[in-house]
Amino acid sequence: MIALGCDHGGFALMQEVKKHLEKRGFEYKDFGCDSEESVDYPVYAKAAANAVASGECDRGILICGTGIGISIAANKVKGIRAALCHDCFSAEATREHNDANMLAMGARVIGPGLALKIVDTFLDTPFSNDERHIRRIDMIE
Ligand code: RB5
C-alpha cells in the first residue's frame, strides 16, 4: 500500500501518479489534498508519513511545488526517510543506500514524464541490505 500526500502545487501531478499506480496494479491510500485550492503542505506530509511510520502503508509518495517543504515535514516523523528526487539516479541510490521509505518530488521542477520514471525507479529498486548502509541508517535513527 502506497501512501500519497500532496499540496495544491502537487495536486495535478499526483493525479498522473495515481493513474500510473493503477495501471501498474499498485494500491494506494490518498491522504489529500483534494484540489488546487491553496492548502498547507505539512498537514498532508504528516498524514501520509504517519501511515508509513505506523506500517499501515509500505511506502509513500509526496508532491508539492518544489518537493522541499513536503519532504522536510515528512522527515520530522520518526522512522521516515523521505528523499527528494528529481532524477532516476537519485531515486535508485536512495532506495539502495538509504532504504528511503518516501519519495518526494516538486511538480514545478519536473514534468510528468520524468516524474513517473522516478516513481517506477523508486518502487522497483530494493534496498541493498549492505551492512554499511544498515549501520548508517541505524545511526540516523
Ligand atoms: C506552495 O506555494 C509551495 O510553497 C509548496 O508547494 C512547496 O513548494 C513548498 O516547499
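Whatever order the structure lists them in is the order used to number ligands and atoms, beginning at 1.
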Q: Are the charged groups of D124 and R24 less than 4.0 angstrom apart, N to O?
A: yes

Q: Counting non-hydrogen protein atoms only, what is the nearest one to atom 3 (C) of ligand 1? Give residue, atom name and distance.
A: R108 NH1, 3.8 Å

Q: When you compare the side chains of H97 and D130, does any donor N or O come within less than 3.5 Å of an acceptor on the partner?
A: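 Judged by distance alone, the side chains do not pair up.
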
Q: Report, as yes or no, whether the 6.0 Å neighbourhood of atom CD on E131 holds more than 12 heavy atoms from other residues, nucleotides or ligands.
A: yes

Q: Could you identify the single nearest non-hydrogen protein atom to atom 7 (C) of ligand 1 and state the distance to 0.1 Å?
A: C64 SG, 3.3 Å

Q: Find all atoms of ligand 1 within a distance of less than 4.0 Å from any non-hydrogen atom belonging to G65, and give their numbers and elements.
A: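 Listed by number with element: 5 (C), 6 (O), 7 (C), 8 (O).
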
Q: Answer yes or no: is there a side-chain heavy-atom contact under 4.5 Å between C6 and L62?
A: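 They are not in contact (no side-chain heavy atoms under 4.5 Å apart), so the answer is no.
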
Q: Can you find a pair of side-chain heavy atoms, one from M14 and one from K19, that are under 4.5 Å apart?
A: no

Q: Which atoms of ligand 1 are found less than 4.0 Å from any heavy atom of D7?
A: 1 (C), 5 (C), 6 (O)

Q: For a quick test of reading the model, state the closest non-hydrogen atom pair linking C64 to I68 and the distance between them.
A: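 Nearest heavy atoms, C64 then I68: SG-N, 3.8 Å.
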
Q: Between E16 and A12, is there a donor-acceptor pair closer than 3.5 Å when you use the side chain of the first and the backbone of the second?
A: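 It does not hold such a pair.
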
Q: With atoms numbered from 1 as shown, which atoms in ligand 1 lie under 4.0 angstrom from a non-hydrogen atom of Y41?
A: 9 (C)

Q: Please say whether G9 places an N or O atom under 3.5 Å from an N or O atom belonging to ligand 1.
A: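 In fact, backbone or side chain, G9 has no N or O that close.
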
Q: Run the numbers for me: atoms of ligand 1, each under 4.0 Å from some heavy atom of H8, listed by number.
A: 1 (C), 2 (O)

Q: Can you name the atoms of ligand 1, numbered from 1 with element, that are less than 4.0 Å from a heavy atom of T66?
A: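 Listed by number with element: 7 (C), 8 (O), 9 (C), 10 (O).
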
Q: Identify, for atom 10 (O) of ligand 1, the protein heavy atom at the shortest distance, and state residue, atom and that distance.
A: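 Protein heavy atom with the smallest distance to atom 10 (O) of ligand 1: G69 N, 2.9 Å.
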
